[in-house]
J.: 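Structure in structure tokens, see below.
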4 protein chains.
Amino acid sequence: MSADPSTAEEIMAGVHHALREYGYADLTMQDIADACSKSKSLLHYHYDTKEDLLVAFLDHLITTFERCVEAGRDRPATERLVEFIAWFGFDPDETDREHFHIALLELRSQGPFNDRIRSRLQRSDRVFRDTVAEIIEQGIEEGVFEPVDVTETAALLVATLDGARTRQITLGELDVDGDTYTRTVARTLIDRVVDPILVDGVELPDVSSVEVLLPRDEPVAVPAVDDSPSTGDDR
Amino acid sequence: MSADPSTAEEIMAGVHHALREYGYADLTMQDIADACSKSKSLLHYHYDTKEDLLVAFLDHLITTFERCVEAGRDRPATERLVEFIAWFGFDPDETDREHFHIALLELRSQGPFNDRIRSRLQRSDRVFRDTVAEIIEQGIEEGVFEPVDVTETAALLVATLDGARTRQITLGELDVDGDTYTRTVARTLIDRVVDPILVDGVELPDVSSVEVLLPRDEPVAVPAVDDSPSTGDDR
Amino acid sequence: MSADPSTAEEIMAGVHHALREYGYADLTMQDIADACSKSKSLLHYHYDTKEDLLVAFLDHLITTFERCVEAGRDRPATERLVEFIAWFGFDPDETDREHFHIALLELRSQGPFNDRIRSRLQRSDRVFRDTVAEIIEQGIEEGVFEPVDVTETAALLVATLDGARTRQITLGELDVDGDTYTRTVARTLIDRVVDPILVDGVELPDVSSVEVLLPRDEPVAVPAVDDSPSTGDDR
Amino acid sequence: MSADPSTAEEIMAGVHHALREYGYADLTMQDIADACSKSKSLLHYHYDTKEDLLVAFLDHLITTFERCVEAGRDRPATERLVEFIAWFGFDPDETDREHFHIALLELRSQGPFNDRIRSRLQRSDRVFRDTVAEIIEQGIEEGVFEPVDVTETAALLVATLDGARTRQITLGELDVDGDTYTRTVARTLIDRVVDPILVDGVELPDVSSVEVLLPRDEPVAVPAVDDSPSTGDDR
DNA sequence: TATGAATGAGCATTCATTCAT
DNA sequence: TATGAATGAATGCTCATTCAT
């Protein structure tokens, strides 16, 4: 890896920033270089190809997410579930986050064409569904959720939230019943899917009272991720 | 419109074919020209810019969908709903359809950057949700569905099915519990969301018994769509 | 020639109009077609190539000029000379004329590359210099001009006026001593070159009192010029 | 500016060479690239657009001229004036120079359409007329020229020489009285305009005895012109 | 005569990548 | 490590010209 660990971080932050600004389709190496005040050549010194760089960025992203999930593991299941659901939506003023997810959607749409990207998406999907499954499992053990099929339930929740976010992003600030697409769907999802599996008497905490530990996608300096550049080995 | 209506159709079919083959990001005017055995110049003769052409294609797509929805309006609500849900999924062998939806996802991911594309996506979203809402409304009137909030329900169903398809597409033929992502989610969606709103005693028809009228995305010759070339006016 | 004589005239007027609007370098067959409300194909029916069309236009232009010169031949030499000098300049509000001469300059700059254009420019040069030479000759015979070398004098006058106009056109409405480039030069030309060859006691008439018969380059309907299209013979 | 000063010079020389060979209207970036044995991409690396490159070339040209004028300032006015007049003409064998001025005329004809080109033409006009004005002023001070209006005289001389050259170029090697157009006009110009303002007893030196310091338009390596690539600032 | 449809050749520009330092 | 210089491949678009009717 880079002798200077901060260089790798600066580059990752640069990718993040450039993705937010230009989107994936319009993203050039020059954009990234500008965003981290480095030269194109240096990016190629650390990552042989543009693809290598983006794959490293995806790894970085997933790792960050995993770390955050880990950090919240000691909280009650209901709280964690609400956090997860809430995490998917944006407030209309979080344009940075929205721009980033737009870029991410573009990147995801390249999955079918790119094995390496796809493998990261799969890992990310695994992490997402496992996280939700684990939360539900935990809830069942805690006696707050009915004993449902956790795998199916996790798949449903993730698909729904993802679909809502995708639609909200691609359609713009479209209102559905006077609220955001994602929020409308999230609310309905809770009413129709989550509430029915709550054990009688159990209530979900209010969204506003739940601390969100999952990454808000800020270009925070991350504690040093080892993604050795240009080693070339890939799955 | 073109004097020869078949030219416009040939071009639309060419776009369809080329999107399936190359995806949206890699799609060139040459690809489209090749796909319909015409010259690049001719494409530019009919559609000033590449964007114009793709926007026209989206219009064509939505119009086709609307026509098919119209055609199935006389069937029972349960049947129509099952058809709609089934329509979202692919069999593993329908690679053509899958490839097309991959391209569509890429195109959708450009919505945030392109007003004209976005306006088509919004129209399409409207059509989708209105269709489902109308089906549920019809079901309530027929006495087969409980009187639920149709707008919310429609939003939930569409988001979930879209999310499942998006994930299935981007992640590849990933199995969830031994089935397709979309099918697993569709099944769970029916169990957890649709079944609970069925009036007691009513049962959904089996998927395999429902005739699917919605467009299978084949480049079928469509009965004449008016997309006057190069008029340039937009919204 | 065209069965309908007005068609040829409409096309010539179209070229004129289009040249004024787009200049020569940016002139497309479509521009000309639009300017005369005809189709590109029709232009090609009458004139095989774009070059043919422009060459015909130059012929048309020169012929018109000759006709106007002819019409003024019965006036006194001093009057004719002042008219000629005045004819070269524009008022700042004659933007149409200026735009046309801009296009003409562009066209002239193609002379070195195009034999057929060059031959028309040469003919036009001949007509110009001969006209001035004839005026001076006439003046000598009338006893108003000293017996100077008419060829040299004509060459000097034409070069100077042309140079002034070229500079005025290319440099924009640049002021020289509070007046137009062309007018400043024309005045100095009269002071330094014309006045000295006037016989003692003779005075030039005032510019404003001289009727300008030379063509103001308006797209006037011309009495029918025979420029048989597409005959292919040249020079 | 380029780290290697020779690169900028090579490109300028390439533009010069390509202009001479293809003219302005037919000039492509590929032509220029070929002419300096570089890649099109490199041209775009140094100059964002074709226009940028040509504007830089015009700047380069004017700067070179100014430098040469500067270098000849210590000579007598009559000598400098004769040099200036002689400088405008070509010998029939100087086809390179002629070709270059043809291209220049094409470029000038774009002035009305292009602010940046026009501003360079204006600067060049200023330099030309100021140079002649300064020479005449100097001559008046030296007591060899009568005290005439220097501005008017300079405008007249420049317009006449420019007009003669333009006509010679556009009309081809057309003879006027057995001599070049420019030479005929230059001779007459001296007879009718310059001689009359000479103080009695003063004579102009013979053209052949005057050393011409003004640039012969050869692609001579110029002592380092600063045209920082792609800075984008203009005027 | 007159037109709409269709084509091929050409061109400026972009961008990931490489090279020399 | 880090950079500026340089390149090849690719792409959307323009336009004169031709063809079928």
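Proteins come first, then strands; the chains are lettered A, B, ... in the order of their sequence lines, and each starts at number 1.
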J.: Minimum heavy-atom separation for C/G23 to D/F113, with atom names?
T.: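 So the two residues come closest at CA-CZ, 3.7 Å.
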
J.: Is a donor-acceptor pair below 3.5 Å formed from side chain D/K38 to base F/dT7, judging by atom type as modelled?
T.: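 By the distance-only test, no, there is no pair.
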
J.: Give the nucleotide from the list F/dC13, F/dA16, F/dG12 with an atom nearest to the side chain of C/K40.
T.: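 Comparing F/dC13, F/dA16, F/dG12 against the side chain of C/K40, the answer is F/dA16.
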
J.: Assign A/L27 to base, sugar-phosphate, or nothing according to its heavy-atom contacts below 4.0 angstrom with the strands shown.
T.: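 The answer is sugar-phosphate, as A/L27 gets under 4.0 Å only of primed atoms, P, OP1 or OP2.
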
J.: Looking at the base of F/dG4, is there any donor atom on it, or on the side chain of A/S39, that sits under 3.5 Å from an acceptor on the other one?
T.: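 Checked by distance alone, the answer is no.
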
J.: Rounding to an integer number of Å, can you tell me how far A/Y22 OH sits from E/dC15 P?
T.: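 Rounded to whole Å, this separation is 11 Å.
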
J.: Any donor and acceptor pair, going by atom type alone, linking the side chain of A/E10 with main-chain N or O of A/C36 inside 3.5 Å?
T.: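 Answer holds: no.
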
J.: Atom CG of B/L42 and atom P of E/dG8: how far apart are they, to the nearest Å?
T.: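 Rounded to the whole Å, the gap is 11 Å.
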
J.: Provide, to the nearest angstrom, the distance between the CG atom belonging to D/D52 and the P atom belonging to E/dT14.
T.: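 Interatomic distance, CG of D/D52 to P of E/dT14: 11 Å.
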
J.: Could you tell me which non-hydrogen atom of B/I102 sits nearest to which non-hydrogen atom of A/P112, and how far apart they are?
T.: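 Smallest interatomic distance, heavy atoms only, reads CD1-CB, 3.5 Å.
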
J.: Output yes when at least one side-chain N/O atom of C/H46 is less than 4.0 Å from OP1 or OP2 of E/dA2, else no.
T.: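 Indeed, a polar side-chain atom of C/H46 lies that close.
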
J.: Send over the distance from B/I32 CD1 to F/dC13 P, rounded to a whole Å.
T.: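 Roughly 11 Å, once rounded to whole Å.
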
J.: Taking the side chain of D/Y45 as heavy atoms from C-beta outward, which of F/dA6, F/dC13, F/dT3 is closest to it?
T.: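 Looking only at side-chain atoms, D/Y45 lies closest to F/dA6.
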
J.: Base, sugar-phosphate, or nothing for C/S41, non-hydrogen atoms under 4.0 angstrom?
T.: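 Base, at least one base atom sits under 4.0 Å.
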
J.: Rounded to whole angstroms, how far apart are CG on A/D34 and P on F/dT3?
T.: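 After rounding, the reported distance stands at 12 Å.
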
J.: May I have the distance from D/Y24 (atom OH) to E/dA12 (atom C1'), rounded to whole angstrom?
T.: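 Distance check: D/Y24 OH to E/dA12 C1' gives 13 Å.
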
J.: For the base of E/dT17, is there a side-chain donor-acceptor partner from A/K50 under 3.5 Å away?
T.: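 In this structure, the two groups form no donor-acceptor pair.
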
J.: I want to confirm an ordering. Mapping B/M29 and A/L43 to their closest nucleotides on DNA chain F, which one lands closer to the 5' end?
T.: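 Comparing both residues, the 5'-ward one is A/L43.
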
J.: Rounded to the Å, how far apart are C/H44 NE2 and F/dA20 P?
T.: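 For the pair C/H44 NE2 and F/dA20 P, the rounded distance is 17 Å.
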
J.: Figure out the OH/P separation between B/Y47 and E/dA5, and round it to whole Å.
T.: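 To the nearest whole Å, that distance equals 11 Å.
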
J.: If you look at every heavy atom in D/K50 and D/L27, which pair is closest and at what distance?
T.: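 In this case the closest contact between D/K50 and D/L27 is NZ-O, 2.7 Å.
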
J.: Yes or no on side-chain contact (heavy atoms from CB on, under 4.5 Å) for D/V55 and D/L58, after CA distance, side-chain angles and deciding distance?
T.: CA-CA 5 Å; D/V55 165; D/L58 280 182; 5.7 Å; no

J.: On DNA chain E, check which nucleotide each of A/D26 and D/T28 is closest to and give me the residue with the more 5' one.
T.: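 Nearest-nucleotide comparison on DNA chain E picks D/T28.
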
J.: Should F/dC19 form a Watson-Crick or G-U wobble pair with both distances under 3.5 Å, which nucleotide is its partner?
T.: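 E/dG4 - that is the nucleotide pairing with F/dC19, both distances being under 3.5 Å.
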
